[in-house]
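Model, not experiment: these values are computed from the prediction.
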Amino acid sequence: MSSTRRNALLATGAVVVCAATLAYASWGDRLPEFQYCLQKCTENLCNPSSGTTYLPLHLRLLGWTCESNCDYLCQRALTAEHIASGHPIEQYHGKWPFLRIFGVQEPLSVLFSILNGYEHWRGFRRLRARISDRYGMKPFYLISSIVGMWAWLCSSIFHTRDYIITERADYFAAGLTMMYTLFYAPIRIFHLYRHPNSKTIVTGWGLICLTAYLAHISYLSFVTFDYSYNMLANVIVGLTSNVLWIYYSLTHYSSRPAWALWPAAIVVAVGCAMSLELFDFPPVWDLLDAHALWHASTVVLVRGFYAFLERDAEWESREEMKGQVGRR
């Protein structure tokens with residue numbers, strides 16, 4: 001479920017759907033006035049003989065150089081001019097010109113990524129404390145929490161400073177989250193963990209998922225990093241997981257309390273949250289854009305899904321004790 005996240009998948013989808021708008025907005029760094037500003041800034045501030053190349057410690061710790069700082073300063077200067085003259089705000093290097101805070105490139109996306117990670121940490125603690133160790137799905141859920149925490153940590157790092165390595169880590173962690181969700185969803189929904197040959201079935205299914213994931217990241221790492229392919233692969237995996245959880249709700253809502261409908265409601269809400277990427281807009285207050293809103297919206301959805309897992313586990317555990325659980 002935490003795979004709801006995310007990121008460049010839907011951003012790439014937005015490029016396809018809204019090609020004309022985004023193509024125009026992504027040319028800011030090619031504007032003559034930007035190139036002129038960048039040239040003059042680097043000549044004046046990045047010349048070692050001038051003694052003006054010094055950057056504050058907090059910028060240097062986050063990998064800012066004199067040249068990248070000039071790039072940022074020119075983005076901010078031109079954005080201020082565009083706003084004052086009533087012209088549209090441009091994107092630079094495919095990103096909006098966010099206000100940098102303590103060297104952090106996208107402060108609100110970082111904040112909301114941290115909050116999502118916290119929700120997984122909170123969910124991990126609650127599931128570990130409140131679910132019986134005898135419940136077969138407990139280890140799968142705890143691992144899912146760890147994967148989710150890792151994914152949002154990578155997201156936080158990526159939005160702090162956008163490098164090739166932080167981008168790849170963010171994308172690969174998001175893909176891992178989605179694949180792991182697809183791995184454990186059928187194990188829970190079809191009670192494979194209770195099957196007489198559960199060890200063989202779960203191991204075989206796990207090897208299939210692991211092989212698919214390793215093949216995916218190997219192709220992106222060693223053949224070509226194809227953004228469209230990455231988007232398509234993750235959308236297929238995510239939609240498959242969503243269909244499984246909708247199936248769960250449709251087959252359980254009549255025999256269980258109202259929380260049996262939560263998975264379906266949550267995956268629909270996730271889809272709505274993802275659609276925010278299709279309505280991209282310049283950052284409000286220089287900080288809040290559609291992508292940050294997406295991350296903000298998933299915070300409450302992650303908490304809701306953990307609440308469902310907890311209630312579902314409690315119900316299953318009680319029924320198992322009564323010996324009344326049959327395969328659904």
Side-chain angles (χ1 to χ4, degrees), residues 1-6 110-157 173-174 176-194 198 202 206 209 238 241-242 244-249 251-253 255-270 273 294-322 324-325 328:
M1 146 65 191
S2 55
S3 60
T4 72
R5 297 168 70 249
R6 242 144 115 56
V110 172
L111 173 62
F112 297 139
S113 294
I114 292 172
L115 291 177
N116 275 281
Y118 167 77
E119 288 300 326
H120 283 284
W121 177 75
R122 176 181 179 273
F124 176 86
R125 295 185 63 192
R126 289 179 65 91
L127 294 180
R128 185 176 60 179
R130 300 190 178 199
I131 294 181
S132 169
D133 290 338
R134 293 190 297 271
Y135 182 53
M137 287 302 298
K138 183 174 182 177
F140 297 97
Y141 292 163
L142 295 181
I143 294 173
S144 177
S145 298
I146 294 171
V147 171
M149 286 186 277
W150 170 249
W152 286 108
L153 174 62
C154 290
S155 175
S156 302
I157 295 172
L176 177 62
T177 305
M178 301 180 84
M179 182 58 75
Y180 189 79
T181 301
L182 180 60
F183 166 65
Y184 80 77
I187 296 174
R188 162 60 194 92
I189 294 168
F190 301 114
H191 291 120
L192 298 181
Y193 65 96
R194 292 205 210 110
S198 62
V202 171
C209 292
S241 298
N242 288 351
L244 288 171
W245 285 115
I246 291 173
Y247 169 80
Y248 168 91
S249 291
T251 55
H252 288 74
Y253 80 94
S255 60
R256 300 198 173 188
W259 51 255
L261 288 173
W262 290 3
I266 289 171
V267 299
V268 170
V270 165
W294 178 14
H295 286 344
S297 66
T298 56
V299 175
V300 65
L301 298 179
V302 170
R303 176 169 292 202
F305 196 72
Y306 274 109
F308 157 73
L309 291 179
E310 185 178 330
R311 286 166 173 76
D312 181 64
E314 291 172 350
W315 180 282
E316 290 284 301
S317 296
R318 285 197 304 267
E319 294 298 296
E320 285 178 354
M321 291 180 65
K322 298 175 182 178
Q324 296 176 353
V325 174
R328 294 184 181 273

### Query
Hey, are the side chains of Tyr247 and Phe190 touching, using non-hydrogen atoms and a 4.5 Å cut-off?
yes
### Message
For Tyr141 and Tyr135, take the angle between the two ring planes, folded into 0 to 90°, and tell me which bin it lands in: parallel under 30, tilted 30 to 60, perpendicular over 60.
### Response
tilted
### Message
As a quick check of understanding, evaluate ring pair (Phe, Tyr, Trp, His ring centres under 6.0 Å) for Trp150 and Tyr180, giving each step before the final call.
### Response
CA-CA 13 Å; Trp150 170 249; Tyr180 189 79; over 10 Å; no
### Message
Tell me whether the count of non-hydrogen atoms from other residues, nucleotides or ligands lying under 6.0 Å of OH in Tyr253 goes above 12.
### Response
no
### Query
At their closest point, which heavy atom of Ala313 faces which heavy atom of Ile131, and how far apart are they?
CB-CD1, 3.5 Å
### Query
Atom CG in Leu176, atom OG1 in Thr181: separation rounded to 0.5 Å?
9.0 Å
### Query
Roughly how far, to the nearest 0.5 Å, is CH2 of Trp262 from NE2 of His252?
15.5 Å
### Query
What's the spacing between Asn242 CG and Leu182 CG if we round to 0.5 Å?
10.5 Å
### Pairs where residues 110-125 contributes a residue and the test salt bridge (charged side-chain N to carboxylate O under 4.0 Å, His left out) is met, not counting sequence neighbours
Glu119-Arg303
### Query
With side chains defined as the heavy atoms from C-beta onward, is the minimum distance between Tyr193 and Tyr184 less than 4.5 Å?
no
### Query
Is there side-chain contact between Leu127 and Lys138, with heavy atoms separated by less than 4.5 Å?
no
### Message
Quick check: closest heavy atoms across Ser155 and His295, and the distance to 0.1 Å?
### Response
OG-NE2, 3.8 Å
### Message
For Ser132 versus Ser317, what's the shortest heavy-atom pair and its separation?
### Response
CB-OG, 4.5 Å
### Query
Is any side-chain heavy atom of Trp152 less than 4.5 Å from a side-chain heavy atom of Thr298?
yes
## Note on the structure
For Leu192 and Ser198, the nearest pair of non-hydrogen atoms, with its separation, is O-CB, 3.1 Å
### Query
Does Arg126 have any salt bridge (charged side-chain N to carboxylate O under 4.0 Å, His left out) partners at least two apart in sequence or in another chain, and if so, which?
Glu310
### Task
Just say parallel, tilted or perpendicular for the rings of Trp245 and Tyr248, cut-offs at 30° and 60°.
perpendicular
### Query
Rounded to the nearest 0.5 Å, what separation is found between the OG1 atom of Thr251 and the CD1 atom of Ile246?
11.5 Å
### Message
For Phe183 and Phe140, take the angle between the two ring planes, folded into 0 to 90°, and tell me which bin it lands in: parallel under 30, tilted 30 to 60, perpendicular over 60.
### Response
tilted
### Message
Testing the basics here: between Ser249 and Ala260, what is the closest heavy-atom pair and its distance to 0.1 Å?
### Response
OG-O, 2.8 Å
### Query
Taking all non-hydrogen atoms of both residues, which atom of Ser297 and which atom of Ala273 are closest, and how far apart?
OG-CB, 3.1 Å
#### Entry: Flag side-chain contact, heavy atom, 4.5 Å: Arg311 against Arg256
no
### Task
Report yes if the distance between the aromatic ring centroids of Phe124 and Trp121 is under 6.0 Å, otherwise no.
no
### Query
Below 4.5 Å, heavy atoms only, C-beta onward: do Asp312 and Met137 meet side chain to side chain?
no
## Note on the structure
Rounded to the nearest 0.5 Å, the OG1 atom of Thr177 sits from the CE atom of Met179 at a distance of 11.5 Å
